[in-house]
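Below you'll find the structure, written out as structure tokens, and then a few comments.
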Amino acid sequence: MSNFPFSDSGFSAAFDAIQEHMGRVLRGAGVPAALRATPQAYFPPVNVGVSADSIEVVAFVPGMEPEALNVSIEKRLLTISGERKAPDLPENARYYARERVEGRYTRVIELPADADPDNVQARYTDGCLAISIKRKESAKPRVVTVQ
């Protein structure tokens with residue numbers, strides 16, 4: 001029995017409502033409306049930035065091999081998924097403490113409407129997965145010469 005004053009479903013519903021409200025507030029600022037994760041953990045942690053030319057996502061995945069990372073874009077949703085495994089302990093050893101998250105994970109990031117899913121680059125360096133999604137040319141500001 002939990003001493004937490006909210007039930008899991010009540011807390012989850014309240015958190016979802018707050019996240020939806022923040023999404024509406026930030027949508028006008030060009031910030032992705034949603035950063036979603038599996039209920040077990042928010043792995044990998046991500047930073048999301050925007051510029052006039054692109055949307056930049058950095059996922060922090062130390063200890064992962066690039067081949068173990070899956071990146072896809074479908075219907076304005078960037079999905080980062082995979083499985084993180086803990087190293088094996090020596091024979092006859094047991095854990096004294098465990099802080100590293102392991103298991104399957106999925107992070108989903110809602111992209112702005114002007115993200116170009118056909119113009120994406122992903123690179124893995126020093127435990128960071130950097131994903132750059134270009135914005136569509138038609139959405140970029142243009143200067144019109146008055147004649």
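Start at 1 with the first residue, then count along the sequence. All heavy atoms count here, side chains included; hydrogens, waters and symmetry mates do not.
When all heavy atoms of Arg135 and Ile55 are compared, the closest pair comes out as CG-CD1, 3.9 Å. The shortest heavy-atom contact between Tyr124 and Val61 is OH-O, 3.3 Å. Looking at every heavy atom in both residues, Pro45 comes nearest to Arg107 through CA-NH1, 3.9 Å.
For Glu83, there are no side-chain hydrogen bond (donor to acceptor under 3.5 Å, both in side chains) partners at least two apart in sequence or on another chain. Scanning for side-chain hydrogen bond (donor to acceptor under 3.5 Å, both in side chains) contacts around Ser132 gives Glu56, with sequence neighbours left out. Taking the side-chain hydrogen bond (donor to acceptor under 3.5 Å, both in side chains) definition, one finds that Ser51 meets it with Ser54, sequence neighbours left out. Partners of Ala93 by side-chain contact (heavy atoms from CB on, under 4.5 Å), not counting sequence neighbours, listed by chain and number: Leu89, Pro90.
Here Val143 sits alone; no ILVMFWY side chain lies under 4.5 Å from its own, so it joins no hydrophobic cluster. Residue Val58 shares its hydrophobic cluster (ILVMFWY side chains chained together at separations under 4.5 Å) with Phe60.
Panel note: side chain Arg76, backbone Glu110; no donor-acceptor pair is recorded below 3.5 Å.
Considering CG of Asp116 and CG of Leu111, their distance stands at 11.0 Å, rounded to 0.5 Å.
The closest side-chain heavy-atom distance from Pro44 to Leu129 is not below 4.5 Å.
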